[in-house]
Amino acid sequence: MSMNCLMAGAGLSGAVIGRMMADHGHQVTVMDARPHIGGNCHTERDAETGVLVHLYGPHIFHTDDQEVWDYVNSFTTFRPYQNRVKTTTRGAVYSLPINLHTINQFFGQTLRPDEARAFLESRADTSITDPRTFEEQALRFVGRDLYEAFFKGYTVKQWGCSPTELPASILKRLPVRFNYDDNYFFHRFQGMPENGYTPMIERILDHPRISVHLSAPVTRAMAADYDRVFYSGPIDGWFDYSLGRLGYRTLDFERFSHQGDWQGCAVMNYGDPDIPWTRITEHKHFAPWETHAGSLLYREYSRACGPDDIPYYPIRQVAEKTLLAQYVDLATSEPNVTFTGRLGTYRYLDMDVTIREALDCARTCLNALAIGTPLPAFSAPPL
Ligand SMILES: Cc1cc2nc3c(=O)[nH]c(=O)nc-3n(C[C@H](O)[C@H](O)[C@H](O)COP(=O)(O)OP(=O)(O)OC[C@H]3O[C@@H](n4cnc5c(N)ncnc54)[C@H](O)[C@@H]3O)c2cc1C
């Protein structure tokens, strides 16, 4: 039996689930509150410079997931792209993630890999046996000098709190390399869609059984008109924030343009606490196969998210998780809604994980329909 599905959100979650439901004979209506598709991955050309801009911040595609890589490549051409991040701190420019070059440059040394490993171990705080906070984790593994130069100031600016208040798990994800590999990601596949993410998502949504409506916010009351809603907006927003708001960090982007090449790389971080921005992105470097005389840059600032701001990074500290558990209870009682994606499950998700979860979610739903069991309330457990 064909279902009438509503996708609330035309980002990757809504598009990928919607496409699979349409491919399997279901009618799909996609609505997004914004005037464009693509969600936070949206890209568009800057009218002044012609540069392809990542409107909601820089997005680099990277994955180890063969099916996800094949999936995105079936909708667009990907160009090879490796993310190489630099950071300006204490009046010098270093490469990130911390690698042998960073260590040798910072300490004025010429260490080889094993020597660097031993050197860092000698500077680490080995009295910390069970690191609990971000700060303890950093002090244990890289020592105070590298921690203060590369992590402390940046983290305070990014999260608006002391690294002593953040869990150690955040830093566990940041590798230190004892070689000169400055490729930011470890994944097998890495690249950029040749014409940006929005044309790719446009093709995912290009199906005779899919209709797309923009500047069209979905409300809870509309769920009654559909067999199934896949909601990729904020979970607390679905319930009109009735239990309170989940905490997010938002970003402000200060745009500026330049003739020529302003910083020589796509992303420059700023580690010093007295520089108010966290990083500057020069968008034309994300498409090195294009030539533009002009350049468009974003100076990026992080701050607490207010009611009228765009929610970017879920905070997920103890208080937020307690509130999230209450919203999860409400969500599981909704008769015909599946909460999906980064906002629907209140988690930071890279694009490849978003697509993986969306594919799995659609398959689970199709399977449940085939055998007559209930559809899931979430594409993945939020807690
Ligand atoms: C600053 C930043 C940088 C990132 N960089 C990378 C990167 O380099 N590599 C990577 O892999 N990932 C990156 N990501 C993650 C990436 O943005 C997400 O994986 C992806 O956007 C998740 O897609 P989504 O569809 O779940 O959510 P979104 O893209 O947020 O889409 C949700 C959509 O739902 C719409 N919506 C919300 N509420 C409603 C409503 N009530 N009715 C209708 N529409 C609604 C919104 O307008 C939005 O368009 C980054 C994220 C951020 C914040």
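This chain uses plain numbering: 1 for the first residue, then up along the sequence.
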Could you list the residues that satisfy ring pair (Phe, Tyr, Trp, His ring centres under 6.0 Å) with F378, not counting sequence neighbours? F339
Looking only at heavy atoms, which two atoms of R347 and A380 are closest? And how far apart? NH2-CB, 3.4 Å
Look at the aromatic rings of W262 and H258 and report parallel, tilted or perpendicular, splitting at 30° and 60°. perpendicular
Is the gap between the ring centers of F286 and H54 under 6.0 Å? yes
Which atoms form the tightest heavy-atom contact between G50 and H292, and what is the distance? O-CE1, 3.1 Å
Say whether N104 and Y180, considering side chains only, have a donor N or O and an acceptor N or O under 3.5 Å apart. yes
Output for pair (Y313 OH, Q158 CD), nearest 0.5 Å, gives 5.5 Å
Mind checking whether F75 and N73 have side chains closer than 4.5 Å, heavy atoms only? no
Which salt bridge (Lys or Arg N to Asp or Glu O under 4.0 Å) pairs, counting each pair once, include a residue from residues 290-299, with sequence neighbours left out? R45-E290, E254-R299
Using the rule that two of Ile, Leu, Val, Met, Phe, Trp, Tyr join whenever any of their side-chain heavy atoms come within less than 4.5 Å, decide whether L343 and L243 are in one cluster. yes
Any sub-3.5 Å donor-acceptor pair from H283's side-chain atoms to L297's backbone N or O? no
Given side chain to side chain contact (heavy atoms under 4.5 Å, CB included), test C361 with T338 step by step and report yes or no. CA-CA 9 Å; C361 172; T338 298; 3.9 Å; yes
Just by distance, no angles: are the side chains of T49 and D46 close enough, under 3.5 Å, to form a donor-acceptor pair? yes
Hydrophobic cluster membership, with links at side-chain heavy-atom distances under 4.5 Å among I/L/V/M/F/W/Y: are V142 and Y184 in one? yes
Evaluate side chain to side chain contact (heavy atoms under 4.5 Å, CB included) for T340 paired with T345, printing each intermediate quantity in order. CA-CA 6 Å; T340 71; T345 62; 5.8 Å; no
Rounded to the nearest 0.5 Å, what separation is found between the CZ atom of R209 and the SG atom of C5? 11.0 Å
Is it true that the side chains of H101 and S95 contain a donor and an acceptor less than 3.5 Å apart? no
T278 vs Y270 side-chain heavy atoms within contact, under 4.5 Å: no
Those residues at least two apart in sequence (or on a different chain) that pass side chain to side chain donor-acceptor pair (under 3.5 Å) with R140 are E121
Given side chains that start at C-beta, do those of R249 and Y312 come closer than 4.5 Å, heavy atoms only? no
Stepwise, does the side chain to side chain contact (heavy atoms under 4.5 Å, CB included) test hold for R177 with L100? CA-CA 6 Å; R177 304 212 180 125; L100 200 45; over 6 Å; no
Ignoring hydrogens and angles, tell me if any N or O in the side chain of D65 forms a donor-acceptor pair with the backbone of E67 under 3.5 Å. yes
Is the count of non-hydrogen atoms from other residues, nucleotides or ligands lying under 6.0 Å from R132 atom CZ greater than 12? no
Test F134 against W159 for ring-ring contact (aromatic ring centres under 6.0 Å, His included), laying out the working first. CA-CA 12 Å; F134 181 106; W159 291 103; 9.5 Å; no
Between K86 and N269 (side chain of the first, backbone of the second, donor and acceptor by atom type, cut-off under 3.5 Å), is there such a pair? no
Please report the closest heavy-atom contact between P314 and Y346, naming both atoms and the distance. CB-CE1, 3.4 Å
Using the rule given for side chain to side chain contact (heavy atoms under 4.5 Å, CB included), can you reason through L375 versus R228, listing the C-alpha separation, both sets of side-chain angles and the distance that settles it, and then say yes or no? CA-CA 9 Å; L375 274 61; R228 193 78 196 172; 3.5 Å; yes
Check the side chains of D352 and T63 for a donor-acceptor pair under 3.5 angstrom, ignoring hydrogens and angles. yes
Decide whether D350 and T354 meet the rule of one side-chain donor and one side-chain acceptor closer than 3.5 Å. no
Ignoring hydrogens and angles, tell me if any N or O in the side chain of R279 forms a donor-acceptor pair with the backbone of V267 under 3.5 Å. no
Could you tell me whether the side chain of T102 reaches within less than 4.5 Å of the side chain of F107, counting heavy atoms only? no
Any side-chain heavy atom of C365 within less than 4.5 Å of one from P376? yes
Looking at F141 and L120, what are the two nearest heavy atoms and their distance? O-CD1, 4.3 Å
Side chain to side chain donor-acceptor pair (under 3.5 Å) against E194, all qualifying residues, sequence neighbours excluded: R79
With the side chain counted from C-beta on, respond yes when F61 and V68 share a heavy-atom pair under 4.5 Å apart, and no when they do not. yes
Shared ILVMFWY cluster between F230 and I37, side chains joined below 4.5 angstrom? yes
Residue pairs, two or more places apart or on separate chains, that pass salt bridge (Lys or Arg N to Asp or Glu O under 4.0 Å) and touch residues 10-36: R19-D23
Is a side-chain donor-acceptor pair under 3.5 Å present for S162 with T164? yes
Is I310 close to Y56 at the side-chain level, that is, under 4.5 Å between some pair of heavy atoms? yes
Can you check whether D125 reaches R144 side chain to side chain, under 4.5 Å on heavy atoms? no
What pairs of donor and acceptor atoms, side-chain ones from residues 232-240 against any protein atom, are under 3.5 angstrom apart with sequence neighbours left out?
residue	atom	partner	partner atom	Å
S232	OG	A8	O	2.8
D236	OD2	L246	N	2.8
W238	NE1	E334	OE1	2.9

Exercise: do Q82 and D182 side chains pair donor with acceptor under 3.5 Å: no
Would you say CZ of R188 has more than 12 non-hydrogen atoms from neighbouring residues, nucleotides or ligands within 6.0 angstrom? yes
Quick check: is L359 connected to I17 through a chain of hydrophobic side chains (ILVMFWY, heavy atoms under 4.5 Å apart)? yes
